[in-house]
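Below: the structure, in C-alpha cells.
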2 protein chains.
Amino acid sequence: MTSKKKSALSEKEGVVPPPTTNKSAAKKIKLRRRSQPTVDEFVTQICAGNITYLSKAITLIESTNPKHKEKANQIIEACLPFANNSVRIGITGVPGVGKSTFIEALGLALTAQSHKVAVLAVDPSSSVNKGSILGDKTRMEQLVTDPNAFIRPSPSGTSLGGVAQKTRESIILCEAAGYNHIIIETVGVGQSETAVHSMVDFFLLLKLAGAGDELQGIKRGIIEMADAIVINKADGDNEKPAKIAKVAFQRALHLYPPKDNGWTPKVLLASALHFKGIDEILAMINTYMQQAQKDGYFQEKRTSQNSYWLLETIEQQLKASFYNSPNVPEALQNEIENLENGSTTPFNAAKRLLKLQQASKNT
Amino acid sequence: MTSKKKSALSEKEGVVPPPTTNKSAAKKIKLRRRSQPTVDEFVTQICAGNITYLSKAITLIESTNPKHKEKANQIIEACLPFANNSVRIGITGVPGVGKSTFIEALGLALTAQSHKVAVLAVDPSSSVNKGSILGDKTRMEQLVTDPNAFIRPSPSGTSLGGVAQKTRESIILCEAAGYNHIIIETVGVGQSETAVHSMVDFFLLLKLAGAGDELQGIKRGIIEMADAIVINKADGDNEKPAKIAKVAFQRALHLYPPKDNGWTPKVLLASALHFKGIDEILAMINTYMQQAQKDGYFQEKRTSQNSYWLLETIEQQLKASFYNSPNVPEALQNEIENLENGSTTPFNAAKRLLKLQQASKNT
C-alpha cells in the first residue's frame with residue numbers, strides 16, 4: 001500500500017514513498033482480523049444497542065464473502081426473538097420531492113418522543129450510477145448526530161431481490177438493537193416500491209403540488225400501495241396549489257378499491273423544511289398502527305409478507321439458476337430468433353430450453 | 001362399456017343390458033384409431049379450411065395423452081408459416097354484461113363483411129364449476145350456424161397457464177385454417193384477463209351502465225389493459241345512464257398513462273341485442289389495426305407477446321417442478337410454520353428448501 005501526502009506544499013509528484021507494509025504491521029492486521037467478534041458477542045452487543053456492532057453486522061450482511069454471509073445468517077436468526085417490535089414505515093417519492101428533509105423531520109419528531117429511529121434504504125440503482133440515496137449523510141445533518149437515530153445507506157447490488165433481502169435482514173438487526181421505528185426510503189426505480197411495500201407496515205407516498213394534472217406522472221400501481229399521500233413543500237406560494245392537489249388526490253383515491261383492512265388512504269399536507277404537518281403525520285401512523293394491532297391486521301400482514309418473501313426468494317433463485325445454466329443464454333437467444341422468424345411456438349421453445357438445462361445438470 | 005336406453009318409456013332401471021364389446025366391434029375401433037390422419041394430412045386439411053380436421057387437431061392440443069400432445073406440436077409447427085394473418089380481439093366482462101350476445105353480433109357483422117371468424121375462450125374455472133363459457137353454443141344461435149364462423153369452448157384445466165397455452169396454440173391452427181378474425185373471450189377469473197391481453201392485438205372491456213359509481217367494481221389493472229371500453233345494453237331507459245357512464249369512463253381513462261403506441265383508449269356505446277353500435281366498434285378496431293400495421297407496433301407487440309409466453313412458460317415449469325419435488329410440499333409447510341413462530345427468516349427458509357430440492361434431484 002502507498003500513501004500520498006495531502007499537504008498543499010508538495011506540488012509535484014515523482015518521489016514514490018516507501019511501502020508502509022512491514023512485518024509488525026501485517027501481524028497486527030492479522031490479529032485484528034482474527035479477533036472478529038463471535039456470533040454470541042455480536043448478538044449480545046446488538047441487543048444492548050451497540051451501534052458499532054450493529055454496523056459491523058450489517059456489513060457482514062452486505063458482504064459478498066460466503067463466510068461473512070453465513071455468519072450474518074447466524075446472527076440474524078439469533079436476533080429474531082428480539083426483533084419485530086417496531087413500526088416499519090416505507091417512504092417513496094421521485095427525486096426532488098424532498099425525501100431527505102422529510103425523513104429527517106420525521107426522524108427528529110420521533111426521537112423527540114423518546115423513540116429510537118433507524119433509517120434504511122432500497123435503491124438497486126445505486127451501484128450503477130455510483131450515487132446512493134442516503135449515501136450523503138450530510139443531507140440529514142441533525143438526525144445523523146442524534147444518538148437515538150441510526151442511518152445506513154442502501155446496500156449496493158444490481159438485482160432488486162438482492163438489495164431488498166439485505167435491507168430486510170438489516171431491519172431485523174435494527175429492531176433487535178432497540179430501534180422501534182424503521183424508516184425505509186426508496187426512489188422508486190423499477191419495482192423497488194413493490195419491494196419496500198412488502199416489507200413495511202405503512203407505506204407513504206411523497207408528492208409535490210404540480211400544475212393540476214398531478215396524477216398523470218405517477219407510476220402504475222403506486223397509488224394502490226399508498227396508505228397515505230403527503231404533499232410536501234406546502235408552504236408560501238405553494239400552499240394554495242398544494243390544497244388543490246390534496247382534493248385531486250382524495251378524489252383519485254376514491255376510485256380505487258378499498259384496502260383489505262378497511263383503511264382509507266389519507267392525503268396530508270406538510271412542509272418538512274418548516275416542520276409543519278409532521279406531528280399530524282405521526283398521529284395518523286399511530287392511529288393506523290393501533291387499529292392494525294387491535295384487529296390483528298398487523299400480525300396478519302407481517303406473516304403474509306414473510307410468506308411472500310419466502311416464495312419470491314425461491315422463484316428468483318430458480319430463475320437465476322436456470323438463466324445461468326451452461327448453454328442456456330445462447331440457446332435462449334436462438335429460440336427468441338426462432339420466435340421472431342415464426343418457426344416455432346413459445347411453448348415448444350420453452351420445452352427445448354428446459355430439456356437443455358436438465359441435460360446440463362445431469363452431466 | 002354399457003349403453004343406457006334413453007326412451008321415456010323405460011321408467012325403471014334394473015336390467016343390465018349386455019356389454020356391446022365384441023370382437024368385430026373392437027377390431028373396428030382399433031382400425032379407426034389406427035387410421036387417425038397423419039400430421040401432413042392434418043396440415044393440408046386445416047390449411048384447406050376443413051373444420052373437422054381443425055376440431056380434431058384442437059382436441060389433440062387439449063388431450064392429456066403425451067402422444068397426442070406430441071402430434072399436436074408437430075401440427076402446430078407445420079401450420080406456423082400459414083398463421084399470424086389475423087386480427088386477434090380479446091373481450092372481457094363480468095357475467096351478465098352480455099358477452100355472448102355481443103360476440104355473436106360482432107361475429108355476424110364480420111362474416112357479413114366476408115370475414116372468417118373464430119371464437120375461442122380462456123376460462124380456467126370451467127373445469128372446477130363444471131360450467132364452461134361458450135360451452136352452451138345455443139347462446140350464439142345464429143353465429144353457430146354461420147359457415148364462416150368457428151366456435152370452440154374454453155379448454156378445461158385448473159391452471160391458467162395450461163388453459164392459456166392451449167388457447168394460444170388453437171389460435172395458430174384457426175389462423176392457418178383461414179380465420180382472419182379471432183375473438184377470445186374471458187370471464188376474468190383470477191389473472192385470466194392478463195393472459196388474454198397478452199395474446200391479442202386489441203383488448204376490449206365490456207361494461208354496463210351502473211349507478212354512477214362505475215369504477216368502483218372494476219378489478220385492478222383491467223382499465224390499463226383496455227384499448228376500448230364498450231358500454232353494452234345502451235338501449236331504451238338505459239341509454240341515458242350509459243351516456244353518463246361513458247363520460248365517467250372517459251374521465252377515468254384520462255388518469256392513466258398513455259399507451260406505448262400512443263393509442264387513446266375509446267369509450268363506445270352499444271346494444272348488441274339490437275345490433276346498435278357494432279359497426280362503429282369494428283371501424284374503431286380497423287383504425288387501430290391500420291395504425292398498428294403502419295407504424296410497426298402490430299409486429300412489435302406480437303413479437304414481445306411471444307417472448308412473454310416463452311419466459312412465462314419457463315418460469316411456470318420451473319416453479320411446478322420445484323413445488324412438486326419429493327418432500328418439498330411438507331418442508332414448505334414446516335418452513336411457513338417456522339416463519340409464523342418467528343424462528344427463521346424467509347431467506348434462510350428458502351435456502352433450505354432449495355437445497356432439499358437439489359438433494360432430491362441428485363439421488
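In what follows, chains are A, B, ... by sequence order, proteins preceding strands, each numbered from 1.
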Nearest atoms (heavy-atom pairs only) where A/S307 meets B/L339: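 That would be N-CD1, 4.3 Å.
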Ignoring hydrogens, what is the shortest heavy-atom contact between A/A349 and B/L310? Give both atom names and the distance.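 Minimum heavy-atom separation between A/A349 and B/L310: CB-CD1, 3.7 Å.
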Contacting region of [X] [heavy-atom separation from chain A under 4.5 Å]:
X	result
B/R251	neither
B/Q357	side chain
B/R302	neither

Listed by residue number, which members of residues 340-347 of chain A have a heavy atom under 4.5 Å from any heavy atom of chain B?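 So the qualifying residues are A/E340, A/G342, A/S343, A/T344, A/T345, A/P346, A/F347.
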May I ask you to list the residues in residues 324-331 of chain A that approach chain B closer than 4.5 angstrom, counting heavy atoms only, ordered by number?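 Counting heavy atoms that sit under 4.5 Å from chain B, no residue of residues 324-331 of chain A is involved.
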Given the options A/T303, A/I172, A/L311, which has more heavy-atom pairs under 4.5 Å with chain B than any of the others?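 So the answer, after comparing A/T303, A/I172, A/L311, is A/L311.
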Could you name the residues of residues 313-323 of chain B that have a heavy atom within less than 4.5 Å of a heavy atom in chain A?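 If one takes a 4.5 Å heavy-atom cut-off, the residues of residues 313-323 of chain B near chain A are B/T313, B/I314, B/E315, B/Q317, B/L318, B/K319, B/F322, B/Y323.
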Any residues in residues 57-70 of chain B near chain A, with a heavy-atom distance under 4.5 Å, and which are they?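 So the qualifying residues are B/E70.
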Separation of B/N348 CG from A/Q74 CD (nearest 0.5 Å):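 Between atom CD of A/Q74 and atom CG of B/N348 there are 9.5 Å.
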